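None of the values given here were measured: they were computed from a predicted structure. Ligands are counted one by one from 1 in listed order, and the atoms in each one are counted from 1 as well. Scope of the values below: all heavy atoms of this structure, side chains included, with no hydrogens, waters or symmetry mates.
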Amino acid sequence: MSTLKRILVTGGAGFLGSHLCERLVDDGHDVICLDNFFTSQKSNVTHLLDRPNFELIRHDITLPIFLEVDELYNLACPAAPGHYQYNPIKTLKTSVVGSINMLGMAKRCGAKILQASTSEIYGDPEVHPQPESYRGAVNTIGPRACYDEGKRAAETLYMDYHRSNGVDVRIVRIFNTYGPRMHPFDGRVISNFIRQAISGEDITIFGEGRQTRSFCYRDDMIEGIIRMMNGPDEFIGPVNLGNPGEFSMLELAELILKLTGSKSKIVHRPLPADDPAKRQPDITLAQEKLGWQPSVGLEDGLVKTIAWFKSISMGHYRPPTPNY
Ligand code: NAD
Ligand code: UDP
């Protein structure tokens with residue numbers, strides 16, 4: 001049997017999805033990219049359109065669709081707080097109804113399906129760093145719940161389709177990932193700080209800036225996602241994927257100022273509700289089961305990301321979505 005597969009990537013025009021499509025097309029697979037372009041634009045994948053093994057479909061995963069595939073990567077979901085809070089009910093529908101539609105397709109086709117879950121399922125964690133066994137501390141009624149609880153419910157759906165219907169599932173919990181092709185106005189901290197630094201605007205630190213995040217470069221993340229899809233049969237996850245290097249937002253701002261040579265001032269803005277105080281992945285499981293660990297440090301990854309931000313025309317991107 002050929003090792004080349006028909007692969008569906010939902011959210012395939014997004015930041016991570018477009019890089020995943022690129023990698024799978026280069027590996028020779030027949031790739032269908034499905035996206036409703038809510039937080040992305042066609043330009044992320046136009047360079048793939050003339051490849052014979054790439055196809056683009058404009059569709060919303062909350063609506064049924066019938067395709068014939070061997071594998072599905074379900075990445076469709078707004079990921080930045082400003083994007084997922086823009087229409088919170090739609091965000092929940094995307095994680096829950098969208099997952100049901102994609103799991104139904106996997107069941108009908110006998111396909112393997114990978115869910116892009118998130119470190120947000122740990123909420124504002126009391127356990128640090130976070131291992132997969134930690135069950136999390138999410139405020140079910142807060143402004144982040146539409147994303148966090150949607151992704152938690154999606155994990156439940158994946159496990160129930162697996163247990164009840166024998167669907168071959170994989171779950172990855174992605175920690176903060178950055179790199180070229182992030183939406184410059186998505187409101188995420190790395191896009192905000194780089195955009196602000198290179199345009200000489202104030203750098204907006206929310207709160208005192210002592211909260212921490214662990215940032216993974218996109219190439220490492222794509223490699224981890226692909227290894228998980230193709231990993232041992234018995235290992236379905238959830239597995240943490242992220243870079244354990246932990247930085248405060250103040251440290252991040254100072255590093256971006258240094259790397260851009262910017263004279264921007266640091267200013268403080270109110271901390272958004274339920275903003276997690278700290279976050280760092282325990283990646284022992286990914287190391288043991290997938291032989292995976294990130295190789296790109298924050299400084300090297302930021303240098304590449306800054307170069308990309310300098311190369312794009314901001315006017316090409318749709319206006320900012322409110323992020324507070
Ligand atoms: P992104 O916003 O760039 O990509 C998401 C894509 O999904 C976009 O192209 C968007 O248009 C599409 N989409 C949204 N709702 C849809 C719907 N209903 N139907 C079809 N398409 C839809 O974000 P990203 O950073 O590339 O994230 C990709 C996935 O990884 C998401 O599921 C996100 O939750 C997960 N994730 C990302 C991070 C990160 O730091 N980048 C961290 C944790 C989890
Ligand atoms: N943040 C910040 N300034 C910004 C944008 C974000 O200080 O302009 C902070 C935010 O409060 C959070 C951290 O950076 O503590 C990461 O935010 P992001 O939205 O990138 O990701 P998430 O909170 O989902 O991890």
Side-chain angles (χ1 to χ4, degrees), residues 9-21 33-42 44-45 57-63 65 73-85 87 90-91 93-95 97-99 101-102 114-121 124 144 147-148 150-151 154 172-179 181-183 186-196 201-216 218 221-222 225 240-242 247-250 252-253 266-279 321 323-324:
V9 181
T10 76
F15 160 51
L16 289 177
S18 60
H19 290 291
L20 181 60
C21 285
C33 166
L34 181 157
D35 209 295
N36 69 352
F37 302 110
F38 173 49
T39 61
S40 58
Q41 43 280 309
K42 252 188 276 179
N44 283 350
V45 288
I57 300 178
R58 182 188 286 263
H59 181 78
D60 189 312
I61 60 160
T62 61
L63 301 168
I65 182 166
Y73 290 85
N74 188 36
L75 271 63
C77 186
H83 284 158
Y84 66 66
Q85 288 166 13
N87 185 345
K90 183 61 193 277
T91 300
K93 278 192 187 168
T94 295
S95 280
V97 181
S99 284
N101 286 332
M102 293 306 108
L114 178 144
Q115 165 68 355
S117 189
T118 168
S119 53
E120 280 286 321
I121 68 113
D124 191 3
R144 298 173 85 100
Y147 183 71
D148 302 9
K151 291 282 190 180
V172 294
R173 291 183 179 154
I174 301 173
F175 283 65
N176 297 62
T177 303
Y178 68 100
R181 249 182 247 158
M182 295 183 85
H183 193 298
D186 65 12
R188 290 191 255 202
V189 69
I190 289 201
S191 14
N192 267 9
F193 286 2
I194 293 181
R195 191 174 39 76
Q196 290 161 343
E201 290 167 41
D202 292 345
I203 306 276
T204 54
I205 289 191
F206 298 166
E208 292 177 18
R210 293 211 200 102
Q211 70 272 39
T212 66
R213 293 294 185 273
S214 303
F215 298 103
C216 187
R218 59 119 215 255
M221 184 56 62
I222 298 301
I225 291 173
N240 287 339
L241 294 179
F247 297 85
S248 72
M249 296 311 102
L250 259 176
L252 177 69
I266 289 181
V267 298
H268 292 266
R269 297 277 178 265
L271 190 65
D274 296 336
D275 199 289
K278 52 190 178 312
R279 180 180 290 157
T321 309
N323 64 332
Y324 42 81

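Neither the backbone nor the side chain of Glu120 has a heavy atom within less than 4.0 Å of ligand 1. Of the heavy atoms in Ile61, both backbone and side-chain atoms come closer than 4.0 Å to ligand 1. With a 4.0 Å heavy-atom cut-off, ligand 1 is reached by the side chain of Tyr147 but not by its N, CA, C or O. With a 4.0 Å cut-off on non-hydrogen atoms, Ala80 does not touch ligand 1 at all.
Under a 4.0 Å heavy-atom criterion, Asp35 is in contact with ligand 1. Put simply, no part of Met182 is less than 4.0 Å from ligand 1, judged by heavy atoms.
Relative to atom 23 (O) of ligand 1, the option among Gly98, Ala79, Ser119 with the closest non-hydrogen atom is Ala79. The closest heavy-atom contact to atom 1 (N) of ligand 2, among the options Tyr178, Tyr84, Phe206, comes from Phe206. Looking at Val189, Leu250, Asn176, Leu271, it is Asn176 that brings a heavy atom closest to atom 21 (O) of ligand 2.
Distances below 4.0 Å separate heavy atoms of Gly187 from the following atoms of ligand 2: 5 (C). Distances below 4.0 Å separate heavy atoms of Arg144 from the following atoms of ligand 2: 22 (P), 23 (O), 24 (O).
Nearest heavy atoms, Ala76 versus Ile61: CB-CD1, 3.7 Å.
Scanning all protein heavy atoms for the shortest distance to atom 41 (N) of ligand 1 gives Arg188 NH1, 3.0 Å.
For Glu120 and Lys151, the salt-bridge test fails: no basic side-chain N is under 4.0 Å from an acidic carboxylate O.
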